[in-house]
Enquirer: 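Dumping the structure here so I can ask a few things about it.
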Amino acid sequence: MKFLISTCLLLVAVCAHSTPNKYIALTLDDSPRAASGYFDGPTRANKLIAALKAHDVAQAAFFSVSAHLNQEGITRLNAYSDAGHLIANHTHDHPDFNTLTLAQYIANFEQADRELSQFKTMTKLFRFPYLREGDTVEKRDGMRAALAAKGYRNGYVTVNTYDWFIENQFQKAIKDGVKVDLIRMSHYYVDMMVQSIEAYDELAIKELGRSPKHVLLLHEMDITALFLGDLIAELKRKGWIIISPLTAYEDEIATFQTTEVLPYNPGRIGEIARANGQTKGLWPQALQESYLDQQFEQQVMQVVAPK
């Protein structure tokens with residue numbers, strides 16, 4: 001009996017040792033995002049802060065748009081900052097780099113740098129809106145130089161998501177008078193986010209031979225406020241460890257720079273995969289709008305028939 005117990009303990013130890021930890025940081029774009037649907041802005045902020053605290057996430061990053069800094073927006077960002085979360089640069093008014101000149105884009109970035117400097121946890125991380133880093137060599141390299149000159153690092157993502165599309169589905173249903181089952185909505189949201197995370201992690205392991213410190217792209221929206229806690233709980237159940245974005249950006253992939261010009265950027269893992277010769281599968285199924293429409297209809301809108 002003692003031998004049997006010892007053998008079982010040894011097997012548990014071996015299994016635990018053979019499964020490496022997986023790490024992921026939470027980042028939310030577009031704050032303080034317009035709030036005119038399910039929640040108002042202060043309620044959204046309070047719920048996000050509460051969810052992060054309840055699930056022991058000490059630090060997330062809010063990539064912020066300075067054009068939204070009216071008094072309510074300033075109060076919202078101060079609330080995130082006071083809770084210990086990072087405020088980072090997401091441009092002044094969220095332009096598409098593909099439609100601006102380099103000079104216009106740099107001016108937009110620099111305006112946000114000035115206006116966001118008022119927040120005590122402002123951190124020099126910059127995320128390109130739409131992840132578009134320049135559709136010409138001049139624009140790509142010019143913006144890299146502008147970031148370096150201001151002491152910024154690229155706030156890349158490793159896991160892209162279409163949570164913004166799911167937010168649109170949810171808000172449209174509410175506006176249309178549909179009584180959305182929030183439990184079903186949570187399951188759908190978590191399912192789609194986890195599908196994206198696991199797909200990008202599988203791609204990373206294929207291309208890097210390991211799971212890097214991941215950076216998850218979310219948005220400061222009502223569905224995030226509603227279901228972020230459920231997502232964190234599911235990630236922890238699956239063995240993921242939530243880390244600070246600052247820790248995530250210490251991964252060695254932070255120094256990677258693609259030599260390609262990518263008008264539509266798939267994120268850092270996709271960039272690496274392209275550099276290794278892969279051109280397909282860089283946007284997983286959970287980022288396909290037709291698939292999301294199908295899943296929303298099946299998981300949220302359809303009533304399950306009794307057995």
Side-chain angles (χ1 to χ4, degrees), residues 26-52 54 60-77 79-80 85 90-91 93-96 127 129-131 157 159-197 216-234 283-304:
L26 307 180
T27 66
L28 294 83
D29 281 10
D30 298 355
S31 57
R33 199 173 194 264
S36 58
Y38 195 79
F39 292 134
D40 60 26
T43 302
R44 178 194 292 167
N46 290 337
K47 286 187 172 294
L48 282 168
I49 291 166
L52 291 165
F62 289 82
F63 284 86
S64 302
V65 176
S66 59
H68 298 167
L69 293 183
N70 57 20
Q71 189 53 55
E72 188 274 322
I74 291 171
T75 299
R76 212 189 309 177
L77 290 198
Y80 298 138
H85 302 297
H90 197 40
T91 69
D93 59 5
H94 206 277
D96 179 352
R127 178 163 296 159
Y130 313 105
L131 305 182
V157 307
V159 179
N160 194 359
T161 71
Y162 266 30
D163 66 332
W164 57 270
F165 188 83
I166 296 173
E167 170 83 351
N168 291 345
Q169 292 174 318
F170 174 69
Q171 297 289 1
K172 182 180 185 302
I174 296 296
K175 186 177 180 180
D176 290 346
V178 176
K179 186 173 178 59
V180 176
D181 185 324
L182 294 184
I183 294 175
R184 292 168 67 88
M185 188 70 206
S186 174
H187 290 166
Y188 163 60
Y189 169 81
V190 171
D191 183 19
M192 295 303 101
M193 296 303 101
V194 169
Q195 282 192 35
S196 291
I197 292 165
L216 175 63
L217 171 59
L218 301 172
H219 290 80
E220 194 241 33
M221 305 182 302
D222 290 349
I223 58 166
T224 323
L226 283 166
F227 308 127
L228 182 59
D230 297 337
L231 174 60
I232 295 168
E234 178 63 8
W283 282 267
Q285 182 174 240
L287 276 70
Q288 306 300 321
E289 294 179 9
S290 60
Y291 176 71
L292 290 169
D293 279 334
Q294 176 196 66
Q295 292 301 305
F296 181 69
E297 181 66 24
Q298 291 177 0
Q299 294 195 44
V300 180
M301 301 300 285
Q302 288 184 5
V303 177
V304 179

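For this chain, numbers begin at 1 and follow the sequence in order.
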Enquirer: Does any non-hydrogen side-chain atom of Asn160 lie less than 4.5 Å from one of Ser196?
Expert: no

Enquirer: Counting only N and O atoms by type, is there a donor-acceptor contact under 3.5 Å from the side chain of Thr75 to the main-chain atoms of Gln71?
Expert: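 Here the side-chain-to-backbone pair exists.
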
Enquirer: With a 4.5 Å cut-off on side-chain heavy atoms, are Glu220 and Asp30 touching?
Expert: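 No; the side chains remain at least 4.5 Å from each other.
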
Enquirer: What distance separates Ser36 OG from Lys175 NZ, expressed to the nearest 0.5 Å?
Expert: 9.0 Å

Enquirer: Answer yes or no: is there a side-chain heavy-atom contact under 4.5 Å between Gln195 and Tyr291?
Expert: yes

Enquirer: What I'd like to find out is whether the side chain of Leu218 reaches to under 4.5 Å of the side chain of Met193, using heavy atoms alone.
Expert: yes

Enquirer: Can you measure from OG1 (Thr224) to CG (Leu231) and round to the nearest 0.5 angstrom?
Expert: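 Output value for this atom pair is 9.5 Å.
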
Enquirer: Quick check: does any side chain N or O of Glu167 sit under 3.5 Å from a backbone N or O of His219, one acting as donor and the other as acceptor?
Expert: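 Flag not set: sc Glu167 to bb His219 has no pair under 3.5 Å.
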
Enquirer: For the residue pair Ala286 and Tyr162, what are the closest heavy atoms and their distance?
Expert: O-CB, 4.2 Å

Enquirer: Can you measure from CE (Met301) to CZ (Phe296) and round to the nearest 0.5 angstrom?
Expert: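 So the gap between those two atoms works out to 5.0 Å.
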
Enquirer: On a heavy-atom basis, which atom in Ala35 and which in Asp40 lie closest, and how many Å separate them?
Expert: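 So the two residues come closest at CB-C, 3.7 Å.
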
Enquirer: If you define the side chain from C-beta out and look only at heavy atoms, does anything of Leu292 sit under 4.5 Å from Leu287?
Expert: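 They are not in contact (no side-chain heavy atoms under 4.5 Å apart), so the answer is no.
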
Enquirer: Do Arg127 and Val157 touch side chain to side chain, with heavy atoms closer than 4.5 Å?
Expert: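 Result yes, sub-4.5 Å side-chain heavy-atom pair found.
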
Enquirer: Could you go through the side-chain contact (heavy atoms from CB on, under 4.5 Å) check for Trp164 and Leu217 one step at a time?
Expert: CA-CA 10 Å; Trp164 57 270; Leu217 171 59; over 6 Å; no

Enquirer: Under a 3.5 Å threshold, yes or no: a donor from one side chain and an acceptor from the other, between Asp191 and Gln299?
Expert: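 Yes, because at least one side-chain N or O of Asp191 sits under 3.5 Å from a partner of the opposite role on Gln299.
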
Enquirer: Donor-acceptor pair, distance only, cut-off 3.5 Å: does the side chain of Asp222 make one with the backbone of Phe39?
Expert: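 Here the side-chain-to-backbone pair exists.
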
Enquirer: Determine yes or no for a side-chain-to-main-chain donor-acceptor pair under 3.5 angstrom, with Arg44 supplying the side chain and Tyr38 the backbone.
Expert: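 Pair absent, no side-chain N/O of Arg44 close to backbone of Tyr38.
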
Enquirer: Just how far is it from atom CD of Gln169 to atom CD of Gln295, taken to the nearest 0.5 Å?
Expert: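 Reported value, rounded in 0.5 Å steps: 10.0 Å.
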
Enquirer: Quick one: pull up CG in Leu228 and OH in Tyr189 and give me the separation to the nearest 0.5 Å.
Expert: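 Interatomic distance, Leu228 CG to Tyr189 OH, rounded to 0.5 Å: 6.0 Å.
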
Enquirer: Taking all atoms of both residues into account, what is the closest heavy-atom pair of Thr27 and Leu216, and its distance?
Expert: OG1-O, 2.6 Å

Enquirer: Could you please spell out the steps behind the side-chain contact (heavy atoms from CB on, under 4.5 Å) verdict for Asn168 and Lys172?
Expert: CA-CA 6 Å; Asn168 291 345; Lys172 182 180 185 302; over 6 Å; no

Enquirer: May I have the step-by-step check of side-chain contact (heavy atoms from CB on, under 4.5 Å) for Phe170 and Val300, ending in yes or no?
Expert: CA-CA 10 Å; Phe170 174 69; Val300 180; over 6 Å; no

Enquirer: Mind running side-chain contact (heavy atoms from CB on, under 4.5 Å) on Leu226 and Ser186 for me, showing each step along the way?
Expert: CA-CA 8 Å; Leu226 283 166; Ser186 174; over 6 Å; no

Enquirer: Mind listing the closest non-hydrogen atom pair of Pro95 and Thr91 along with its distance?
Expert: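 Heavy atoms only, the tightest pair is CD-OG1, 3.2 Å.
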
Enquirer: According to salt bridge (charged side-chain N to carboxylate O under 4.0 Å, His left out), who are the partners of Glu72, at least two apart in sequence or on a separate chain?
Expert: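 Checked Glu72 against salt bridge (charged side-chain N to carboxylate O under 4.0 Å, His left out); matches are Arg76.
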
Enquirer: Would the distance check show the side chain of Gln288 and the main-chain N or O of Trp283 forming a donor-acceptor pair, the cut-off being under 3.5 Å?
Expert: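 Indeed, once roles are kept as given, a pair shorter than 3.5 Å links the two residues.
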
Enquirer: Could you tell me if the side chain of Leu69 sits less than 4.5 Å from the side chain of Pro32, heavy atoms only?
Expert: yes

Enquirer: Do Ile166 and Tyr188 come close enough that some side-chain heavy atom pair is under 4.5 Å?
Expert: yes

Enquirer: What's the separation between atom CE in Met221 and atom CZ in Phe227, rounded to the nearest 0.5 Å?
Expert: 11.0 Å

Enquirer: Measure from the side-chain N and O atoms of His90 to the backbone N and O of Val65, and report whether any donor-acceptor pair falls under 3.5 Å.
Expert: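 It does not hold such a pair.
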
